[in-house]
Number of protein chains: 2
Amino acid sequence: MTSADGDSASGVLHRPDPETARERVGAAIDRGAMITVFGRCTVEYEGRAASTLGPGDRLVVLKPDGTALVHTDEGQKPVNWQPPGCTHEATLADGEFRIVSRRTAPDERLVVAFEQVEQVSTFDVTDRHDLALTGTEEDLRQRILDDPDLVEAGFRPLAIERETPAGAVDIYGEDREGATVVVELKRKRVGPDAVGQLSRYVETLDRELHADAEIRGFLVAPSVTERARGLLAEKGLEFVSLGPPE
Amino acid sequence: MTSADGDSASGVLHRPDPETARERVGAAIDRGAMITVFGRCTVEYEGRAASTLGPGDRLVVLKPDGTALVHTDEGQKPVNWQPPGCTHEATLADGEFRIVSRRTAPDERLVVAFEQVEQVSTFDVTDRHDLALTGTEEDLRQRILDDPDLVEAGFRPLAIERETPAGAVDIYGEDREGATVVVELKRKRVGPDAVGQLSRYVETLDRELHADAEIRGFLVAPSVTERARGLLAEKGLEFVSLGPPE
DNA sequence: CGATGGATATCGCAC
DNA sequence: GTGCGATGTCCATCG
């Protein structure tokens, strides 16, 4: 045991035996602490898909919200995981310390079996601050509502997130002639999928509105791929280049 | 200091002062170790977007491949991160221990400034085992190639990933009458986007092939949403229900 | 390097 | 719960 044991804010065990690891992790799960376990382990997952992972050194993170993450030394994404809301369990089986995380609807199960536990750490964590993020699609929308001429001189926004049978349109409005305008926003370079999305909005509005009504579709993004540009031309849609704020 | 210090496989510091934390993390970065730091910190990010995060208790993971992750007590995704390939730096500024991670193309920068470091851990990690995953789209494709009648009696696959101007078709073949068949596979319930994808394949092949050639489009998936079903009917495409193996 | 599409995507919101 | 679209998506693959 280390001096950390007397500290409620955090605790650490170095190379605990399986039973000691099970006790510490089980207690931390019950306490609602954040837990990291590093050691040599195998991983099995079964649920939406299924996978097995042979022995290797990995970092396991258990969060009080029921999230489980298994990280190797590479990659931003965990090699295995469970989403928030799962139930974690610390068990002993065949003399091994194991972490089992389950959920239902859909049924999913993650089992991490440790051959050797290098370290168990627990943390009592408080974090009330929300992330303030800028440079998103909503920012782009606000810039256009502040200055509709960015789309086209005389453009008048009438609604945001206007519902159509094909889904909600980002910005709905009229051009200077009174023709209906549909605007699809993308915060980064767009491919063919965005053109298909805009096209569906225009097509369904074509049916919904007056038969002789002209409907113009605008795609607003920093840039388009060559294939997407071709699809735009083919479908008679327009493109406006608008990048993130400097 | 704990007994772990003499062990090259892992090391831990409890509540180090900023300078000690900087030394230990800087050395571990240079050594190519995996690092976890837990403590009270603020986070700033600037790059593809920008964000700030006020003080709170968070777990920071630095990987030898240049990945950085900042995890709070909630959520599966890190609240902030840097992708693999970044350069990490451990610095002292205003008496605080800071972790700075940068990359170029695009320029991105992540700064984690610690008011209080609860724990620093380092691990020498090797993991050469690959993940074996089943229940994927490739599994579904193999099942159909093994038994093409799953799509339709008499279906004959001729190619996989056949290129078209609209992208690669999952399975390309002929029905019993010799008509061209395009099959789009999805491993789970599909929405309108998959119908758009299949529709583009059929449309472009319609132009590419003989004008009088009949082209049939099949969407193979466990199920479809109501809107997607409508789009399929509208575009004259067919649906085959085929779920993951039990 | 960019383009393309899959993913146990995750996440948030509307219904 | 399902449906739908955004994401600093990440990631592998291909040209």
Side-chain angles (χ1 to χ4, degrees), chain A residues 45-51 67-70 74-86 103-110 131 133-141 161 163-164 166-170 184-194 197 200-201 223-229 244, chain B residues 45-51 67 69 74-85 103 105-110 131 133-138 140-141 161 163-164 166-170 184-194 196-197 200-201 223-229 244:
Chain A
Y45 157 76
E46 197 173 300
R48 285 165 291 177
S51 71
T67 300
L69 307 170
V70 181
E74 288 184 341
Q76 176 178 330
K77 287 182 59 174
V79 64
N80 278 112
W81 69 92
Q82 288 280 76
C86 292
R103 74 159 168 165
T104 54
D107 270 330
E108 287 194 297
R109 190 173 57 105
L110 179 73
L131 184 72
L133 183 64
T134 60
T136 63
E137 183 177 306
E138 187 170 334
D139 287 338
L140 180 57
R141 182 174 72 190
E161 300 294 328
E163 286 298 334
T164 77
V169 167
D170 284 335
E184 174 64 26
L185 306 174
K186 296 293 172 188
R187 63 175 297 281
K188 62 175 187 179
R189 187 170 173 84
V190 296
D193 53 339
Q197 194 179 337
R200 284 206 307 279
Y201 297 151
S223 60
V224 289
T225 68
E226 217 27 67
R227 192 181 298 285
R229 185 179 293 279
Chain B
Y45 156 77
E46 197 173 302
R48 285 168 289 177
S51 72
T67 300
L69 307 170
E74 288 184 340
Q76 176 178 327
K77 285 181 57 176
V79 64
N80 277 114
W81 69 91
Q82 288 282 73
R103 75 157 169 167
D107 270 331
E108 289 192 296
R109 190 173 57 103
L110 180 73
L131 185 67
L133 192 57
T134 61
T136 64
E137 184 177 306
E138 186 169 335
L140 180 57
R141 182 173 71 188
E161 300 294 330
E163 286 299 333
T164 77
V169 168
D170 284 335
E184 174 66 24
L185 305 175
K186 295 294 171 186
R187 60 176 298 282
K188 62 176 186 177
R189 186 170 175 84
V190 295
D193 53 339
Q197 194 179 335
R200 284 205 306 278
Y201 296 150
S223 59
V224 288
T225 67
E226 216 31 62
R227 182 164 294 161
R229 185 180 294 280

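Labels below follow one simple rule: chain letters A, B, ... track the order of the sequence lines, proteins then strands, and each chain is numbered from 1.
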Write down the distance separating the [atom1] atoms in [N] and [M], rounded off to the nearest Å.
| N | M | atom1 | result |
| --- | --- | --- | --- |
| C/dG6 | C/dT10 | C1' | 14 Å |
| D/dC10 | D/dA6 | C1' | 14 Å |
| C/dC11 | D/dC11 | P | 15 Å |

[atom2] on [Y] to [atom1] on [X], rounded to 0.5 Å:
| X | Y | atom1 | atom2 | result |
| --- | --- | --- | --- | --- |
| A/L140 | A/K188 | CG | NZ | 14.0 Å |
| A/T134 | B/E46 | OG1 | CD | 8.0 Å |
| B/K186 | B/D170 | NZ | CG | 7.0 Å |
| B/E138 | B/L133 | CD | CG | 10.5 Å |
| A/R48 | B/R187 | CZ | CZ | 8.5 Å |
| A/E184 | A/R200 | CD | CZ | 9.5 Å |

Contact interval (first through last nucleotide) of DNA chain C with protein chain B, 4.0 Å heavy-atom:
C/dG5 to C/dC11
Any side-chain heavy atom of A/L110 sitting closer than 4.5 Å to one from A/V70?
yes
In plain terms, say whether A/E108 and A/R103 are close enough for a salt bridge, that is, a side-chain N and a carboxylate O under 4.0 Å apart.
yes
Pairwise N/O distances under 3.5 Å, protein to nucleotides 11-15 of chain D:
from	atom 1	to	atom 2	distance (Å)
D/dC11	OP1	A/Q76	N	3.0
D/dC11	OP1	A/K77	N	2.9

Any protein N or O atoms within reach of nucleotides 2-6 of chain D? Criterion: under 3.5 Å, listing atom names and distances.
from	atom 1	to	atom 2	distance (Å)
D/dG3	OP1	B/R189	NE	2.9
D/dG3	OP1	B/R189	NH2	2.1
D/dG3	OP2	B/R189	NE	2.4
D/dC4	OP2	B/T225	OG1	2.9
D/dG5	OP1	A/A166	O	3.4
D/dA6	OP1	A/E184	OE2	3.1
D/dA6	OP1	A/K186	NZ	3.1
D/dA6	OP2	A/K186	NZ	2.7

Backbone N or O of B/G191 within a donor-acceptor pair of the B/R227 side chain at under 3.5 Å?
no
Please check if any side-chain donor atom of A/Q82 sits under 3.5 Å from a side-chain acceptor atom of A/Y45, or the reverse.
no
